Undergrad: 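Can you keep this structure in mind? I'll have questions shortly.
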Amino acid sequence: MLNQYFSQQDSKHPITVAKFGGTSVADYQAMLRCAHIIKNDSSNRLVVVSASAGVTNYLVRLSQENVSVQEQTSIITSIRAIQLNITQHLTTDVEQALNAEIDTLLEQLSNQALMQSQQHSVKQSDAILSFGEQFSSRIFAQVLQSVDINGAYFNVQQVMKTNSLYGKAVVDTEELASACSELLAPKLSQQVLVTQGFIGRDGLGETTTLGRGGSDYSAALLAEALNASNLAIWTDVVGIFTTDPRITEQARAIKEISFGEAAEMATFGAKILHPATLIPAMRQNIPVFVGSSKEPEKGGTQIKQSVESNPTYRSIALRREQTLVTVKSPAMLHASGFLAKVFGVLAKHELSVDLITTSEISVALTFDNPSGSTQALLTSTVVQELEQLCEVTVEHGLSLVAVIGNGLNCVKGLGQSIFQTINDINIRLICHGASANNLCFLVAEQDANHVVEKLHRELFV
Ligand code: ADP
Ligand code: ASP
Ligand code: MG
């Protein structure tokens, strides 16, 4: 069936780019379900896969400093077990050929992990992190063939050209578009290509990655480059919910949501989509579907330019592991140039500031500072450099709660409905007014789930 989940967009190529996340390619049964999704809709021409669930976390550990040889061996054994557990379900010939490829890759991985433990580099980290998608894409192409789909592996590094910002590389979208029309598009009429999310290659020929959870973004960039009619993000939940369904059972799936609202959710921590995913989709007006590969029959969420209803409250997002930095200096009073110096230090270390509030002599800044990140973090070096300029206080263990909706800057009594509901909670910082689409505030990590649950009950139930 063509385009089962979408209405056709006239000016676009009738191609769906389908992305399957880690749990969707975690084991053989999961991969088989995905293969049937591809089979049931002939518009699915390009498949973008994440690493099998758990593999990237293992690779993150391997990419760190001071990992003993014993631990390296044990991690590689665990990764091998995850992948061979899948290949054992394929025919003997296919299994043997795949296992040989996997073992060759594992040998390269093992050498790189050893070098990394002796001399660490961010460049090597990216090379190590890229292995998960290299395994899963090879295996999934064979699973497609096992259900009689003409599926083939495609190395995304041929087209996904990036800069050399290892851990958070920036894709050259013009190069991607021209490489896709030359190397990828012509093949899609004959074959369903299976490629890797998350990874790219820089001008030096080195492997790069786009940041954790980056496969969604890869898929969106490829959909844009191919001028695809649709992007489908297949994951482990039946769409985008009013809040993370892991936090409250009362969360409910949203049928339709605008690009703007969904982008706001992704930016403010709704893990279901990588924060940048909707940027290429919005640029090219490509509708995005989000659904569960376990239960495709249940449908999912449609994300598109305009939707019928624009409710005041759409959802609540939560982003954990936030750091609050307060910089204070009497020299700031009526002075110019102080903030430029503070931001100069942050820019030098490639740190991006999230939220800002100011008073006469102090400024509070928040940073997304997740522990498993491969990106620049707020290190003690940065803090020491800031201390040359002013008094610095750093607070960890905070979560950012964002209420997302429409026209939030003109709703009377908004503050009352939100803050009255959680008047037993200490709120560290509030940002409201800059965006019509969100109001957000910081709370202690241990209060976060309680705050989201309570607010969700107040605003959505
Ligand atoms: P994948 O591996 O498929 O990329 P992720 O784990 O990255 O999947 O994202 C899916 C998860 O996102 C869900 O299991 C859910 O717990 C979480 N999540 C967070 N916020 C939301 C939300 N608003 N709606 C749905 N899921 C959400
Ligand atoms: N495998 C990568 C990660 O776990 C990318 C992704 O899954 O989107 O972060
Ligand atoms: Mg994800």
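Fair warning: this is a prediction, and the values are worked out from it, not measured in the lab. Atoms within each ligand, like the ligands themselves, are counted from 1 in listed order.
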Undergrad: Below 4.0 Å from any atom of ligand 1, which residues have a heavy atom? Give them in chain and number order, please.
TA: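 The answer is K19, G21, G22, T235, D236, V237, G239, I240, F241, T243, D244, P245, R246, M265, A270, K271, I272, counting any residue whose heavy atom sits under 4.0 Å from ligand 1.
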Undergrad: Please confirm whether G214 approaches ligand 2 to less than 4.0 Å, judged on its heavy atoms.
TA: yes
Undergrad: Do any heavy atoms of G22 fall under 4.0 Å from ligand 2?
TA: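 It does not; every heavy atom stays at 4.0 Å or beyond.
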Undergrad: Once you round to the nearest 0.5 Å, how far does CD of E256 lie from OG of S306?
TA: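 These two atoms lie 8.5 Å from each other.
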Undergrad: About how many Å separate CG of D236 and CZ of F20, when rounded to the nearest 0.5 Å?
TA: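 With rounding to 0.5 Å, CZ (F20) is 13.5 Å from CG (D236).
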Undergrad: Among protein heavy atoms, which sits nearest to atom 6 (C) of ligand 2, and what does the distance come to when rounded to 0.1 Å?
TA: S215 OG, 3.3 Å
Undergrad: The test is side chain to side chain contact (heavy atoms under 4.5 Å, CB included); show your working for D244 and I316 and say whether it passes.
TA: CA-CA 8 Å; D244 188 341; I316 304 173; over 6 Å; no
Undergrad: Any idea which atoms of ligand 2 are less than 4.0 Å away from a heavy-atom of S50?
TA: 6 (C), 7 (O), 8 (O)
Undergrad: So, is F198 polar-close to ligand 2, with some N/O to N/O distance under 3.5 Å?
TA: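 N/O-N/O distance under 3.5 Å: no.
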Undergrad: For I404, is there any backbone N or O sitting under 3.5 Å from a side-chain donor or acceptor partner on E264?
TA: no
Undergrad: Say whether Q83 and T87, considering side chains only, have a donor N or O and an acceptor N or O under 3.5 Å apart.
TA: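 No - no donor-acceptor pair under 3.5 Å links their side chains.
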Undergrad: I'd like to know whether NZ of K454 has more than 12 heavy-atom contacts from other residues, nucleotides or ligands below 6.0 angstrom.
TA: yes
Undergrad: To which protein heavy atom is atom 3 (C) of ligand 2 closest, and what is the distance rounded to 0.1 Å?
TA: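 Here the closest protein heavy atom is R212 NE, 3.3 Å.
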Undergrad: Using every non-hydrogen atom in the two residues, find where R212 and V60 come nearest and quote the distance to one decimal.
TA: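 Looking at all heavy atoms of both residues, the shortest contact is NH1-CG2, 3.4 Å.
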Undergrad: Going by an N to O cut-off under 4.0 Å, is there a salt bridge joining K161 and D202?
TA: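 No salt bridge links K161 with D202.
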Undergrad: Looking only at protein heavy atoms, which one is nearest to atom 2 (C) of ligand 2, and how far off is it?
TA: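 Result for atom 2 (C) of ligand 2: E133 OE2, 3.4 Å.
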Undergrad: So is there a nitrogen or oxygen of K19 less than 3.5 Å from a nitrogen or oxygen in ligand 2?
TA: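 Among all N and O atoms of K19, none is under 3.5 Å from an N or O of ligand 2.
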Undergrad: Under the ring pair (Phe, Tyr, Trp, His ring centres under 6.0 Å) rule, collect the residues that match up with H89, sequence neighbours excluded.
TA: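 Partners of H89 under the ring pair (Phe, Tyr, Trp, His ring centres under 6.0 Å) test: Y28.
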Undergrad: Mind checking the CZ-OG1 spacing from R201 to T162? Nearest 0.5 Å is all I need.
TA: 10.0 Å
